[in-house]
Amino acid sequence: MANPVLNERVFSSNLESEHENVMTVNGTILKTCFLGLLTAITFAYNWGLILSGFADKAIALSKFGLWGGVILCLIICFGPKNRFLMFTTSLYALCEGLILGFISAVVNTKFPGVASQAAIGTLFALFSMFLLYKTNIIKCTGTFKKVLFTSTFAIFGVYLLQIILNLFHLNIPAIFSNSPIGIGFSIIVVAVASFNLIIDFDLIENLSNKVDKAFEWYCGFSLLVTIIWMYIEILNLLMKLQSRNN
């Protein structure tokens, strides 16, 4: 799958056994909304700290959120899929809110209004992809999945290469700048992140009534990962566009 945490292999051992309480689409939507609410709460809190002049505290919380999010992500992905997912995924959402709140507040200070524009753009992309999926305008075929997987893998490869180059104070030319090439790259990444939602929706619908209800939390977590990625990429794109106008 394009989304590395929403993979059919994660569910394979649960498909063959019967469960008293099974995962449903509506249940997954509710869990995703709940996790999104938790993210929004800590997002607003850390944003408020920046505005109130408590930057040191906000930085410390964002670092805690970063490392806490990484550890929790590993636990959720590779740990047992049981009732504890409710707690680990909720904590993950809170950690991500701390990071996003700090980043967004800092960026919004330099480019006023860009964070709200990114949030609106993310919601628009989310509902647009859902509509395109439900109306079968975009069908989640095998070819579609392969193209998305290859594109996502390539993008993360580019980011990994840039992280390695940063250790030597080097940069990949153009694509991370506000040049036309850099803006074009960001547009492609936003599109790929958005289309990943189609694959997520398809797998969730196919797994409905087939796996244990605890997987509603796992699928909610998986969708949250895609949505956060999409928000960050839209924010990055808007920053590039704003910097060209200044």
Got a donor-acceptor contact below 3.5 angstrom from the [X] side chain to the [Y] backbone?
X	Y	answer
Asn108	Ala115	yes
Thr39	Gly97	no
Glu233	Ile187	no
Ser243	Lys240	yes

Nearest 0.5 Å, please: how far is [atom2] in [Y] from [atom1] in [X]?
X	Y	atom1	atom2	result
Gln242	Asn178	CD	CG	11.5 Å
Leu38	Phe43	CG	CZ	14.5 Å
Asn236	Ile183	CG	CD1	10.5 Å
Ile29	Cys219	CD1	SG	11.5 Å
Thr141	Ile198	OG1	CD1	11.5 Å
Phe78	Cys73	CZ	SG	8.0 Å

Give the minimum heavy-atom separation between [X] and [Y], together with the two atoms involved.
X	Y	answer
Ala93	Thr42	O-OG1, 4.1 Å
Glu216	Thr24	OE2-N, 3.0 Å
Thr32	Gly220	OG1-CA, 3.2 Å
Ile175	Ile181	CG2-CG2, 4.0 Å
Tyr231	Ala119	CE1-N, 3.6 Å
Ala125	Leu197	O-CD1, 4.4 Å

Does a side-chain heavy-atom distance below 4.5 Å link [X] with [Y]?
X	Y	result
Phe84	Ile75	no
Asn171	Phe176	no
Glu205	Lys134	yes
Phe185	Val189	yes
Asn46	Leu100	no
Phe201	Leu223	yes
Lys210	Val22	no
Leu238	Phe111	no

Next item on the list: Would you please classify the geometry between the Phe215 ring and the Tyr218 ring as parallel, tilted or perpendicular, with 30° and 60° separating the classes?
Entry: perpendicular
Notebook entry, point to check: Going by the angle between their ring planes, with limits at 30° and 60°, are Phe149 and Phe153 parallel, tilted or perpendicular?
Noted result: parallel
Next item on the list: In sequence, state the C-alpha distance, the side-chain angles, and the governing distance for Phe34 and Ser90, and then conclude on side-chain contact (heavy atoms from CB on, under 4.5 Å).
Entry: CA-CA 8 Å; Phe34 177 74; Ser90 296; 3.7 Å; yes
Under 6.0 Å from the [atom1] atom of [X], do we count more than 12 heavy atoms belonging to anything else shown?
X	atom1	answer
Leu165	CG	yes
Tyr45	OH	no
Tyr159	OH	yes

Next item on the list: With side-chain contact (heavy atoms from CB on, under 4.5 Å) as the test, would you mind laying out the steps for Leu160 and Phe156 before giving the verdict?
Entry: CA-CA 6 Å; Leu160 179 60; Phe156 281 106; over 6 Å; no
Do [X] and [Y] belong to the same hydrophobic cluster, where Ile, Leu, Val, Met, Phe, Trp and Tyr are linked whenever their side-chain heavy atoms lie under 4.5 Å apart, directly or via other members?
X	Y	result
Phe102	Leu61	no
Ile234	Val158	yes
Leu132	Val147	no
Ile76	Leu98	no
Ile199	Leu207	yes

Note to self: Between Leu85 and Phe221, does the side-chain contact (heavy atoms from CB on, under 4.5 Å) criterion hold? Intermediate values first, please.
What the structure shows: CA-CA 9 Å; Leu85 278 173; Phe221 154 75; over 6 Å; no
Checklist line | Stepwise side chain to side chain donor-acceptor pair (under 3.5 Å) test for Asn196 and Asp200 | finding: CA-CA 6 Å; Asn196 266 278; Asp200 296 348; over 6 Å; no
Margin query: Filter on side-chain hydrogen bond (donor to acceptor under 3.5 Å, both in side chains), then keep only pairs touching residues 114-130, sequence neighbours left out; what's left?
Written below: none
Next item on the list: Applying side chain to side chain contact (heavy atoms under 4.5 Å, CB included), name anything that partners Ala193, two or more places apart in sequence or on another chain.
Entry: Trp229, Met230
